[in-house]
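We number each residue from 1, following the sequence as shown.
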Amino acid sequence: MNNSVIVHKLDNTVEERIVFDAVSFRYPNAEKNALNNISFNTNGARLICVVGENGSGKSTLSKLILGLYGATSGRIDAFFSHVSENNPVSSYRESVSSVFQDYCKYATTLCENILISKPQTALSLSSSSEQSTNLTHLNDIIETLPKKEHTLLSKEFDGVDLSGGQWQRLAIERGISRSGNLIVFDEPTSAIDPVFEMQMLENIMSEENHNLKFVITHRIGIATKADMILVMKDGNLVESGTHNELYKLGGEYTRLFDSQSQWYR
């Protein structure tokens, strides 16, 4: 599995994009593919939602987009402006960011938990107010902490702990604070209620740190705001388009959306 992302440097006049061409992926020792013959081109789209039920292949797709896995067959191309021509693969990894459902918790202060995503920058507690854009409503959490952003997030060291939803909001803030071409959110809001999730993700869509945003989710509400929706089922890309285009088809996307519509009324 050596078919990793092929990176191309663009000038600033060309749209950045990700292209999958007949991509399949199979885990080692598995009897069948986790992804089958996936093809899409994000050309012109800045917010791409990947939706589908659990086990449909969404998270595997996110790992290939980030270059963490190499395709078993097919080709993945990334066309980015801010990559080095001398070492495009390394600079690609430096220019992408991700927020996974299984995020990391660090036994450090809240500010350091955010700034740890920027290794090229000295961790400056005095800059924490500038770093937090509050797109995730993180300031609401900071105001409740005994030492605000300087609060140690570890009960083992006489600090405090956060709830699951609060940790997820911090992890998202950490991801979006890292500038780059691309950010992938892979089920980052599973512990957050659907209504607040919609409000927060709408805020995140307005941030300008990343030109391309992929949101991998089994919750459908945010897809109504996407430039492109990729609908996964059993490892296959079964539909792609905008919300209006896909809903009119009356297919898998319509079924998923209707089954969750009560969350967003």
Side-chain angles (χ1 to χ4, degrees), residues 54 58-60 62-63 65-69 90-210 213-219 222:
N54 291 334
K58 304 186 303 298
S59 290
T60 301
S62 74
K63 302 299 194 303
I65 293 169
L66 290 166
L68 299 177
Y69 296 168
S90 177
S91 61
Y92 175 76
R93 291 171 179 164
E94 292 175 1
S95 68
V96 301
S97 182
S98 60
V99 183
F100 294 110
Q101 183 176 350
D102 53 344
Y103 50 85
C104 291
K105 301 178 181 180
Y106 300 101
T108 60
T109 67
L110 182 142
C111 180
E112 290 170 326
N113 260 278
I114 296 171
L115 299 182
I116 201 169
S117 69
K118 307 178 74 172
Q120 73 280 12
T121 304
L123 296 181
S124 173
L125 295 179
S126 63
S127 67
S128 61
S129 61
E130 299 175 9
Q131 298 296 333
S132 179
T133 61
N134 205 32
L135 296 175
T136 59
H137 300 277
L138 198 63
N139 285 343
D140 297 343
I141 299 173
I142 292 173
E143 290 305 310
T144 68
L145 299 177
K147 295 183 180 180
K148 302 298 188 282
E149 66 268 22
H150 307 292
T151 301
L152 181 64
L153 301 183
S154 173
K155 285 188 175 181
E156 293 179 346
F157 301 103
D158 295 324
V160 303
D161 199 1
L162 302 179
S163 69
Q166 289 173 329
W167 271 113
Q168 284 194 326
R169 286 154 67 179
L170 187 151
I172 293 170
E173 191 79 35
R174 180 164 59 218
I176 63 178
S177 71
R178 178 183 170 91
S179 297
N181 298 96
L182 165 71
I183 186 167
V184 176
F185 300 94
D186 189 353
E187 302 280 9
T189 55
S190 60
I192 299 172
D193 73 80
V195 175
F196 186 79
E197 174 196 45
M198 277 287 289
Q199 295 171 349
M200 187 174 66
L201 289 176
E202 285 177 357
N203 290 339
I204 290 171
M205 286 189 292
S206 68
E207 67 91 11
E208 298 180 353
N209 277 0
H210 306 89
K213 303 179 184 72
F214 277 81
V215 178
I216 316 294
T217 182
H218 67 277
R219 295 178 175 177
I222 193 62

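Contacts of Ser59 classified as side-chain hydrogen bond (donor to acceptor under 3.5 Å, both in side chains), with partners at least two apart in sequence or in another chain: Asp186. For Thr60, the side-chain hydrogen bond (donor to acceptor under 3.5 Å, both in side chains) criterion is met by Tyr27, not counting sequence neighbours. When the side-chain hydrogen bond (donor to acceptor under 3.5 Å, both in side chains) test is applied to Thr151, no partner is found at least two apart in sequence or on another chain.
Separation of atoms CD1 (Ile183) and CG (Leu66) is listed at 9.5 Å; rounding is to 0.5 Å. To the nearest 0.5 Å, atoms CD (Glu149) and CD (Glu143) are separated by 8.5 Å. Here CD1 of Ile141 is found 9.5 Å from CD of Glu173. Values are rounded to the nearest 0.5 Å. Rounding to the nearest 0.5 Å gives a distance of 12.0 Å between CZ of Phe185 and OG1 of Thr217. Interatomic distance, CZ of Arg174 versus CG of Leu110, reported as 10.0 Å (0.5 Å rounding). One finds the CG atom of Leu138 at 10.0 Å from the CD1 atom of Ile172 (value rounded to the nearest 0.5 Å).
The two residues Lys105 and Asn113 come nearest to each other via the heavy atoms C-OD1, 4.3 Å. For the pair Gln101 and Glu187, the tightest heavy-atom approach, listed with the atom from each and the gap, is CB-O, 3.3 Å. For the residue pair Gly175 and Ser97, the shortest heavy atom distance occurs at O-OG, 2.9 Å. For Phe100 against Ser62, the heavy-atom pair with the smallest separation is CE2-OG, 4.2 Å.
Side-chain atoms of Arg169 and Asp140, non-hydrogen and from C-beta on, do get closer than 4.5 Å to each other. By the 4.5 Å heavy-atom criterion applied to side chains, Val99 and Val184 are not counted as neighbours. Between Asp161 and Trp167, the closest side-chain pair of non-hydrogen atoms falls below 4.5 Å. Side-chain atoms of Tyr106 and Leu170, non-hydrogen and from C-beta on, never get closer than 4.5 Å to each other.
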Under the side chain to side chain contact (heavy atoms under 4.5 Å, CB included) criterion, do Leu145 and Leu162 qualify, and how do the steps go? CA-CA 10 Å; Leu145 299 177; Leu162 302 179; 4.2 Å; yes
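With a 6.0 Å radius and a threshold of 12 heavy atoms from other residues, nucleotides or ligands, Lys147 has its NZ atom at or below the threshold.
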